[in-house]
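Down below is the structure, laid out as structure tokens.
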Amino acid sequence: MDTGKSIGSGQRTHDQSEEPVVLAFDVGGTRVKAGVVQGSNVSSLLIEPLDEREGAEGVLSSIVRIGRQLIAEHTVTAVGISIKGRDHW
């Protein structure tokens, strides 16, 4: 099924307004990055450093705090989380 819009000369462009609005998290070893993503557009990017001394509870607190802030500003339809592998928190 082709959902692109014709822009002439046989070219098509994808209508990003049909894409879901995703609250996306990237949890690394030293920071949490989060943003609202729709198609290839990222908006409201937030980056927060992690304090290793706070352990898993600190990581979870950061995710919840950032998530609440972003959903207060945007209507999202999905959430995605990427977490770097760690042998301890």
Side-chain angles (χ1 to χ4, degrees):
M1 181 171 150
D2 186 359
T3 61
K5 291 185 176 180
S6 178
I7 58 173
S9 303
Q11 295 177 329
R12 294 186 129 352
T13 182
H14 187 71
D15 184 0
Q16 290 191 359
S17 67
E18 296 176 10
E19 295 286 336
V21 179
V22 179
L23 173 58
F25 292 92
D26 180 5
V27 182
T30 60
R31 62 188 175 183
V32 174
K33 294 185 274 185
V36 177
V37 179
Q38 185 173 25
S40 62
N41 293 324
V42 178
S43 62
S44 299
L45 181 64
L46 299 176
I47 301 172
E48 184 173 304
L50 293 174
D51 185 343
E52 204 171 293
R53 297 171 294 185
E54 293 179 6
E57 289 180 22
V59 173
L60 185 56
S61 291
S62 292
I63 292 170
V64 170
R65 181 175 47 258
I66 293 170
R68 285 183 174 157
Q69 180 178 343
L70 290 173
I71 63 172
E73 300 168 2
H74 302 274
T75 300
V76 301
T77 56
V79 177
I81 300 177
S82 172
I83 300 177
K84 179 183 181 301
R86 297 217 19 162
D87 57 359
H88 69 283
W89 283 101

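Nothing here was measured: the structure is a model prediction, and the numbers come from that model.
Evaluation of the salt bridge (Lys or Arg N to Asp or Glu O under 4.0 Å) test over residues 74-83, restricted to residues two or more places apart or in two chains, returns none. Among residue pairs with one or both ends in residues 22-34, those qualifying as salt bridge (Lys or Arg N to Asp or Glu O under 4.0 Å) are D26-K33; sequence neighbours excluded.
Cluster annotation: V76 is connected to V27 through the hydrophobic network of ILVMFWY side chains, with a link wherever side-chain heavy atoms come within less than 4.5 Å. Both L46 and V32 are members of a single hydrophobic cluster when ILVMFWY side chains are connected at heavy-atom separations under 4.5 Å. Transitive grouping of hydrophobic side chains (ILVMFWY, heavy atoms separated by less than 4.5 Å) brings V21 and I81 into a common cluster. Following chains of ILVMFWY side-chain contacts shorter than 4.5 Å, one cannot reach V36 starting from V42, and the two form parts of different hydrophobic clusters.
Hydrophobic cluster membership of V22, counting Ile, Leu, Val, Met, Phe, Trp and Tyr whose side-chain heavy atoms lie under 4.5 Å apart directly or via other members: none, as it forms a cluster of its own.
The minimum heavy-atom distance linking G28 with L50 is given by the pair O-CD1, 3.5 Å. Of all the heavy atoms in V79 and F25, the pair that sits closest is CG1-CE1, 4.1 Å.
Remark: Q38 CD to T77 OG1 distance equals 8.0 Å, nearest 0.5 Å.
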For residues 64-74, which side-chain N or O atoms pair as donor and acceptor with protein atoms under 3.5 Å away, sequence neighbours left out?
unit_1: R65; atom_1: NH2; unit_2: E48; atom_2: OE2; d: 2.5
unit_1: R65; atom_1: NH2; unit_2: S62; atom_2: OG; d: 3.3
unit_1: H74; atom_1: NE2; unit_2: S44; atom_2: OG; d: 2.7

